[in-house]
Amino acid sequence: MARNFEKMASIDAQLRLLAPRKVSEDDKLVEYDALLLDRFLDIVQDLHGEGIRETVQECYELSAEYEGKRDTQKLEELGKVLTSLDPGDSIVLSKSFSNMLNLANLAEEVQIAYRRRIKLKKGNLADESSATTESDIEETIKRLVVDLKKSPEEVFDALKNQTVDLVFTAHPTQSVRRSLLQKHARVRDCLTQLYAKDITPDDKQELDEALQREIQACFRTDEIRRAPPTPQDEMRAGMSYFHETIWKGVPKFLRRVDTALKNIGINERIPYNAPLIQFSSWMGGDRDGNPRVTPEVTRDVCLLARMMAANLYFSQIEDLMFELSMWRCNEELRARADELHRSSKRDAKHYIEFWKQVPPSEPYRVVLGDVRDKLYNTRERSRQLLSNGISEVPEDATFTDIEQFLEPLELCYRSLCACGDRPIADGSLLDFLRQVSTFGLSLVRLDIRQESDRHTDVIDAITKHLGIGSYREWSEEKRQEWLLAELRGKRPLFGHDLPKTEEIADVLDTFHVLSELPADNFGAYIISMATAPSDVLAVELLQRECHVKQALRVVPLFEKLADLDAAPAAVARLFSIDWYRNRINGKQEVMIGYSDSGKDAGRLSAAWQLYKAQEELIKVAKQYGVKLTMFHGRGGTVGRGGGPTHLAILSQPPDTINGSLRVTVQGEVIEQSFGEEHLCFRTLQRYTAATLEHGMHPPISPKSEWRALMDEMAIAATKEYRSIVFQEPRFVEYFRLATPELEYGRMNIGSRPSKRKPSGGIESLRAIPWIFAWTQTRFHLPVWLGVGAAFKYAIEKDSKNLPMLQEMYNQWPFFRVTIDLLEMVFAKGDPGIAALYDQLLVSKDLWSLGERLRANYDETRCLLLQVAGHRDLLEGDPYLKQRLSLRDPYITTLNVCQVYTLKRIRDPNYNVEVRPHLSKEYMESKAAAELLQLNPSSEYAPGLEDTLILTMKGIAAGLQNTG
């Protein structure tokens, strides 16, 4: 690895020349990135020596040169450098580039926050691309009133009646460990403070030291999860965001809504119990294909969430007591305080001294002291039940429903207002009331998700036990007839003597957990792979049979293209049943899945089918007088419905949101949305403002000729996609060789298996690893495949279609969002990198398939630019273009490192040919033994598995999409 001194002296200058240029005067991204990179390289040199630093810099330089000229010779040179490293140095290098990508992401976040502050100070958020990707609540409300002539009262009524329910899921797409995320947050804070205007020299020196310390702590932390997380671990990780940002973020955001309303002349606040923002969870409730989510797990996560909620309230109630020290109160509050003082029943003996100390002249403290006692008991009861299954704390000494909790708080609020202390009431007490209304006693409501076949198995066992035949073999009509007869009757269907397999017992035990725990723990019961009304009625019957006190609303989930197409008819049949219409009381929720529909037919066809299905479902609901809430099962990547929140909402069909929206927030998207206070605030703004705007100013409906062209294009796209993914006999083999799909499970980033069934091809693979594998190679095939065929078909069929497509892009939000997201994916892609994977990993007889796919990629890219009317990718978004170019050299090094590591793993002879130092003597050396200690269970040569996983995590961090 000898290098001449002159080259060493100029390396830093060369790296700076290769870095992207500033985009505007308030662009500090290059500056931030340079500072973090300098600090990091110093740490690498201190810990691992100058040689490793030189290698890191050389790899960066070669990658940057490749990215600038697309010279494949540079990839070969890079490969030679990487294959010359011993396994220990390979780990250090891949860990270095993974860390540098994380630091680049942090620099971006600080830059975005900085530019946003500048715009807020200038009072202008409508420049550059922010108008299309941001939803500022104040700007949205002003625009509705000033530009669209809505009355302030209309806006206020719409806001206080709308609901956005954000559903946290544990889908395995968050590749960064929680301990690292916390360190990243501290790096971000240091960087922000370092560039503050009022910083002193001493502050700067101390912050610089802190920055170096935190960067080194990140580098020295093991990035790799050595064991898969349990569902309880996933739940704790998800709930940590409530403690860190969401808990305080919600009242802060609602105050901003109040301010925005005041600015248009509404002097009334959003009511504290308005369901503006709600939170739900699938963590510990999503058992679809996840055998690790058992009834016991569901019980545990509910009790854990209940304990966490009580603890958050408890930690805050004393501050409220300290604040409400006034003595004036109304008669109602005085009577309650006197009663509590006279009462001798004190269940929380730990606080009995408090009652001796608080005089009757501080009535608010007396009433809130009783609330504190009950919160203490509520927390302790949940903790004891979680630990031992039993509790010494009696249930009547706790809060068992939200109304009990709200009542004394409302009493305090009314009293303050009656005594002329409304400004005090609208302070911390109002914030607390809003938190109670938002989070309840359960923090989040847990959804249950299960496959429809599992319910069919249970009902089939019941009918066979009753001697009336096999439910599974019945027609849909017969199933409905029998289910409705049982639902209208009262006889119990089965007893303890029902023969049960392990799977049947699991389903029934889950329903028993629903019956045992408080009803406010739960939200919806979601049926995946739902196809018919009997799927819904079966769950209704099982809830009744298992004595679920307050039945969960039952939500059918339609995912695959055929199921989406049939969904409106299935829902119409469901609504035509009198018993069911009476049961739902005019409200129904339907979930549509973006992941499997995209895997089934490709992104373009899936997006169009989802659009049409929503339109038809809304028509059916209106026909039967039912208010329909659409539940959008979106992932983080474009291939799974991901994209900017604002655009995603505003591109939905008219009348499909109507003030009520549920949407999943998955994996790494949770961190991107709620990892910091400012991110949490922006996320709540985006969802609320875009939902309001969609309801009060719906997007245009597509013209009939646009629809007709989209229908034809979707057919062409689906045909092309399926001809390769499902009908090309060589495709599955090619996919598994050309991507790290087979190695995906080693990342241990989720509790759920990567396949629904252990065997099978693409159809059995979950959407997340399907997308993840192609993302790693920067080929993104599931997103663009079929799109080129659709555009080509349209343009060749009629010369008028290209102008029509351009008109659709400029006027129709749905089509524009679809094209813009595809353009972003192409900007992140690199067929040259994908070709390197083919060259090293794919057998020669499959090379022609890879070449064909890359030719398709290039053709699709050209057609996409033609339709969008762009000369180059992202020409309208220089900031995103800059951010991607900043990351590319880091990602390229990791791609090359990954592909050579995969080659070594899959071809043992390659180690001997290219790396003779991996001899028997080396394998028995102390260095190899140390690497083996890192991962003793690995079946690969020492160091290879860790290197591979680090490249996967680094590429995921760089592309900011893991699934």
## Note on the structure
Distance col, row Leu822:CG vs Leu873:CG, nearest 0.5 angstrom, shows 11.0 Å

## Note on the structure
For Pro889 and Tyr60 the tightest heavy-atom approach is CB-CE1, 3.7 Å

### Query
Any Lys/Arg nitrogen of Asp872 or Arg861 sitting under 4.0 Å from an Asp/Glu carboxylate oxygen of the other?
yes

### Message
Taking side-chain hydrogen bond (donor to acceptor under 3.5 Å, both in side chains) as the criterion, tell me which of Gln776, Lys903, Arg778, Gln898 meets it with Tyr837.
### Response
Gln898

#### Entry: Heavy-atom pair with the smallest gap, counting every atom of Leu62 and Val81
CD1-CG2, 4.1 Å

### Message
Are Ile833 and Leu75 packed together at the side-chain level, in the sense that at least one heavy-atom pair is separated by less than 4.5 angstrom?
### Response
yes

### Message
Check Glu214 with Lys183, please: is the shortest side-chain N to carboxylate O separation under 4.0 Å?
### Response
no

### Message
Nearest 0.5 Å, please: how far is CG in Asp946 from OG in Ser90?
### Response
11.0 Å

### Message
Given the ring of Tyr195, does Lys28 sit roughly above its face, with NZ or CZ under 6.0 Å from the centre of the six-membered ring and within 45° of the axis?
### Response
no

### Query
Can you tell if the side chain of Arg220 reaches within under 4.5 Å of the side chain of Leu47, non-hydrogen atoms only?
yes

## Note on the structure
Closest non-hydrogen atoms of Cys680 and Gly249, given as atom of the first, atom of the second and distance, are SG-CA, 4.3 Å

### Query
Hey, are the side chains of Asn895 and Thr777 touching, using non-hydrogen atoms and a 4.5 Å cut-off?
no

### Message
Any side-chain to backbone donor/acceptor pair from Lys95 onto Phe219? Under 3.5 Å, distance only.
### Response
yes

### Task
State, to 0.1 Å, how close Tyr890 and Ala104 come at their nearest heavy-atom pair, and which atoms those are.
CE1-CB, 4.2 Å

### Query
Out of curiosity, Glu61 CD to Ser63 OG, how far, rounded to the nearest 0.5 Å?
10.0 Å

### Query
Atom CD1 in Ile199, atom CD in Glu206: separation rounded to 0.5 Å?
9.5 Å

### Query
Do the non-hydrogen side-chain atoms of Lys204 and Leu194 ever get within less than 4.5 Å of each other?
yes

### Query
Quick check: does any side chain N or O of Arg887 sit under 3.5 Å from a backbone N or O of Gly958, one acting as donor and the other as acceptor?
yes

### Heavy-atom pair of closest approach, residues Pro831 and Tyr857
CD-CE2, 3.5 Å

#### Entry: Donor-acceptor contact present, side-chain Thr245 to main-chain Phe674, <3.5 Å
yes

### Message
Please check: side-chain N/O of Ser673 versus main-chain N/O of Ile670, any donor-acceptor pairing under 3.5 Å?
### Response
no

### Student check: side-chain heavy atoms of Thr221 and Gln182 closer than 4.5 Å
no

### Query
Does the side chain of Thr55 reach to within under 4.5 Å of the side chain of Asp89, using non-hydrogen atoms?
no

### Task
Return the minimal non-hydrogen interatomic distance between Cys59 and Thr893, and the atom names on each side.
O-OG1, 3.4 Å

### Query
Do the non-hydrogen side-chain atoms of Leu41 and Gln57 ever get within less than 4.5 Å of each other?
yes

### Message
With a 4.5 Å cut-off on side-chain heavy atoms, are His780 and Phe826 touching?
### Response
no

### Task
Verify side-chain contact (heavy atoms from CB on, under 4.5 Å) between Asp42 and Arg53, making sure each step is shown before the conclusion.
CA-CA 8 Å; Asp42 288 344; Arg53 176 174 179 149; 2.8 Å; yes

### Pairwise distance CG(Leu207) to OG1(Thr200) - rounded to 0.5 angstrom
8.5 Å

#### Entry: Tyr66: ring pair (Phe, Tyr, Trp, His ring centres under 6.0 Å) partners, not counting sequence neighbours
none

### Task
Would you confirm whether Ser94, through its side chain, and Ile91, through its main-chain N or O, come within 3.5 Å as a donor-acceptor pair?
yes

### Task
To the nearest 0.5 angstrom, please state how far the OG1 atom of Thr775 sits from the NZ atom of Lys828.
9.0 Å

### Task
Considering only NZ, NE, NH1 and NH2 on the basic side and carboxylate oxygens on the acidic side, decide whether Arg39 and Asp208 come within less than 4.0 Å.
yes

